[in-house]
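Below is one structure, written out as structure tokens, with a few remarks after it.
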Amino acid sequence: NMVQSMKMAVDLAQIGVWSWNIGASTIEFDERLHRYFGWGEQAGPVSLERAFEVIHPEDRARVEHAFYALVHDGQHFEQTFRGLQPDGQTRYFQTAGVLEFDPAGHPSRVHGITREVTAERLAAESMEEQMARLEVLVKERTTELTQAMEAASRANRAKSEFLTSMSHELRTPMNAIIGFAQLMENDPMLDADQRENIEEILKAGRHLLSLINEVLDLAKIESGRVELSLEPVEMQPLVQECLTLVQPMAEARSIGLDAQLAPHLVAKADRVRLRQVVLNLLSNAIKYNRDRGQVVVALSRPPEAAGQVRLSV
């Protein structure tokens with residue numbers, strides 16, 4: 001019947017049942033609750049004082065207040081508390097109760113259930129501990145990452161300061177080389193070969209000076225202050241100048257330079273940076289070539305792309 005089904009469900013769920021006639025000095029507990037709190041194996045009444053004594057002192061006032069608030073104010077009664085065991089251990093319980101009313105509509109009885117929730121509570125506490133440890137770990141890692149980023153920022157600033165300092169240190173002797181080469185260039189006693197050699201010194205010196213200026217620009221790039229100077233650049237003279245600069249590097253390994261440069265092609269670019277790009281391409285082509293190899297440099301206008309210039313290495 002229904003009563004037996006209810007009792008079976010309560011047993012399977014390991015729920016203890018209790019009831020209290022409002023105003024009585026005792027409260028009825030079933031067998032399970034008697035076993036829970038060490039009162040023996042038989043169901044029966046227990047004094048209210050004895051019933052509340054099994055609640056941990058830190059939880060008792062809260063549970064008592066909620067219990068009587070159910071009776072006086074009809075408030076919902078559901079509490080979790082620590083229950084003191086006969087063996088001295090502390091276990092966790094959850095209890096809830098509802099009012100029964102007499103025919104006149106007055107509250108006459110409280111019916112309740114109590115079940116042990118120690119396993120669930122310990123699992124929750126374990127999860128909280130894990131979360132707390134994880135939070136500490138995240139904070140530690142965040143601190144480490146912040147410190148690493150600050151160290152990287154300091155290193156980057158130091159690098160930029162070093163680049164700027166070295167660029168200034170290099171420009172002074174480079175300007176001296178170019179200046180004295182210009183003085184020699186004006187000497188009327190020079191023959192044609194000497195003038196050509198001095199012209200090469202000046203070309204290489206001016207290019208090196210522009211590279212030093214590029215290093216200064218690198219420091220500007222890292223601080224976000226770089227400016228590009230876009231202008232029409234005639235490509236054939238620029239590429240030819242770069243070929244002249246890498247000629248000694250190619251001759252050292254007997255690498256031929258085959259230049260197929262269409263004239264009168266103009267590109268819009270930053271002259272200094274474009275020259276650096278071409279020099280990088282040429283020097284790599286020589287560096288990773290084989291001895292007695294060949295580098296082919298072609299400058300043309302691609303038929304399929306109007307308004308563009310094609311440079312291939």
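In this chain, numbering begins with 1 at the start of the sequence shown. Treat the numbers as computed from the prediction; the structure is a model and nothing was measured.
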Just distance, no hydrogens or angles: give the donor-acceptor pairs under 3.5 Å from side chains in residues 263-271, sequence neighbours left out.
| residue | atom | partner | partner atom | Å |
| --- | --- | --- | --- | --- |
| Asp270 | OD1 | Val272 | N | 3.2 |
| Asp270 | OD1 | Arg273 | N | 3.2 |
| Asp270 | OD1 | Arg273 | NH1 | 3.3 |
| Asp270 | OD2 | Ser229 | N | 2.8 |
| Asp270 | OD2 | Arg273 | NH1 | 2.8 |
| Arg271 | NE | Glu231 | OE2 | 3.4 |

Please set out all donor-acceptor pairs under 3.5 angstrom arising from side-chain atoms of residues 101-108, sequence neighbours excluded.
| residue | atom | partner | partner atom | Å |
| --- | --- | --- | --- | --- |
| Asp102 | OD1 | Ala104 | N | 3.0 |
| Asp102 | OD1 | Gly105 | N | 2.9 |
| Asp102 | OD1 | His106 | N | 2.7 |
| Ser108 | OG | Glu100 | O | 3.2 |

In residues 304-313, what donor-acceptor pairs under 3.5 Å come from side-chain atoms, sequence neighbours left out?
| residue | atom | partner | partner atom | Å |
| --- | --- | --- | --- | --- |
| Glu304 | OE2 | Arg310 | NH2 | 2.5 |

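Looking only at atom types and distance, the side chain of Gln247 has a donor-acceptor partner in the side chain of Glu251 under 3.5 Å away. Side-chain contact of Thr26 with Trp20: a donor-acceptor pair under 3.5 Å is absent, judged by distance alone. Defined by atom type and a distance below 3.5 Å, a donor-acceptor pair is missing between the side-chain atoms of Ser47 and Glu49.
Under a 3.5 Å cut-off, the side chain of Ser153 and the backbone N or O of Met149 do not form any donor-acceptor pair. With hydrogens and angles ignored, the 3.5 Å screen pairs a side-chain donor or acceptor of Arg253 with a backbone N or O of Ile286. A donor-acceptor contact shorter than 3.5 Å is absent between the side chain of Asp30 and the backbone of Gly16. Side-chain atoms of Asp187 never come within 3.5 Å of backbone atoms of Leu183 as a donor-acceptor pair (strictly under, hydrogens ignored). Of the possible polar contacts, one joining the Asn289 side chain to the Gln294 backbone as a donor-acceptor pair under 3.5 Å is found.
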(request) Quick one: do Met174 and Ile177 satisfy side-chain contact (heavy atoms from CB on, under 4.5 Å)? Show the steps, please. (result) CA-CA 5 Å; Met174 200 66 251; Ile177 291 170; 3.8 Å; yes
(message) Under the criterion side-chain contact (heavy atoms from CB on, under 4.5 Å), I'd like the reasoning laid out for Leu257 against Val246: C-alpha separation, chi angles, the key distance, then a yes or no.
(response) CA-CA 9 Å; Leu257 296 178; Val246 299; 4.2 Å; yes
(request) May I have the step-by-step check of side-chain contact (heavy atoms from CB on, under 4.5 Å) for Arg60 and Glu53, ending in yes or no? (result) CA-CA 8 Å; Arg60 177 172 174 173; Glu53 278 180 354; 3.9 Å; yes
(request) Run the numbers on Arg275 and Val233 for side-chain contact (heavy atoms from CB on, under 4.5 Å), then give the verdict. (result) CA-CA 10 Å; Arg275 181 170 56 185; Val233 177; over 6 Å; no
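Within the 4.5 Å cutoff, the side chain of Phe29 has no heavy atoms near those of the Thr114 side chain. Looking at heavy atoms from C-beta onward, Leu209 lies in side-chain contact with Asn175 at the 4.5 angstrom threshold. Contact check for His56 versus Leu84: side-chain heavy atoms found under the 4.5 Å cut-off. Side-chain contact check for Ile22 versus Arg109: every heavy-atom pair is 4.5 Å or farther apart. The side-chain heavy atoms of Asp291 and Ser254, taken from C-beta on, include no pair separated by under 4.5 Å. Val98 has its side chain out of reach of Phe77: every pair of non-hydrogen atoms, C-beta onward, lies at least 4.5 Å apart. Counting heavy atoms from C-beta outward, Glu31 and Gln42 have side chains that stay 4.5 Å or more apart.
Closest approach of Leu190 to Gln194, counting heavy atoms only: CA-OE1, 3.3 Å. When all heavy atoms are compared, the tightest approach of Gln236 to Ala262 is CB-O, 4.1 Å. Scanning both residues, Ala204 and Leu245, for their nearest heavy atoms gives CA-CD2, 3.7 Å. For the residue pair Ala51 and Ile27, the shortest heavy atom distance occurs at CB-CG2, 3.8 Å. Across all their heavy atoms, Ala181 and Ile201 have their closest contact at CB-CG2, 4.0 Å. The two residues Arg91 and Tyr36 make their nearest non-hydrogen contact at NH2-O, 4.0 Å.
Checked for salt-bridge contact, Arg115 and Glu78 miss the test: no charged N lies under 4.0 Å from a carboxylate O. Using a cutoff of 4.0 Å between basic side-chain nitrogens and carboxylate oxygens, Glu199 and Lys203 are not scored as salt-bridged. Remark: Arg141 engages Glu144 in a salt bridge, criterion side-chain N to carboxylate O under 4.0 Å. Ion pairing between Glu185 and Arg195 fails under the 4.0 Å rule for side-chain N and carboxylate O.
Aromatic ring orientation, Trp18 versus Phe67: tilted (interplanar angle from 30° to 60°). The aromatic rings of His34 and Trp39 stand perpendicular to each other, their planes meeting at an angle above 60°, with 30° marking the opposite boundary.
Neither Val46 nor Ile15 shares a network with the other; the hydrophobic side chains, linked directly or stepwise wherever heavy atoms of I, L, V, M, F, W or Y lie under 4.5 Å apart, form separate groups for each. There is no path of hydrophobic side-chain contacts, each under 4.5 Å, that joins Tyr92 to Phe81.
Checked against side-chain hydrogen bond (donor to acceptor under 3.5 Å, both in side chains), Gln276 has the following partners two or more places apart in sequence or in another chain: Asn280. Residues that satisfy the side-chain hydrogen bond (donor to acceptor under 3.5 Å, both in side chains) test with Ser283, not counting sequence neighbours, are absent from this structure. Judged as a side-chain hydrogen bond (donor to acceptor under 3.5 Å, both in side chains), and not counting sequence neighbours, Glu140 has no contacts.
Note that the OG1 atom of Thr80 and the CZ atom of Arg62 stand 7.5 Å from one another [nearest 0.5 Å].
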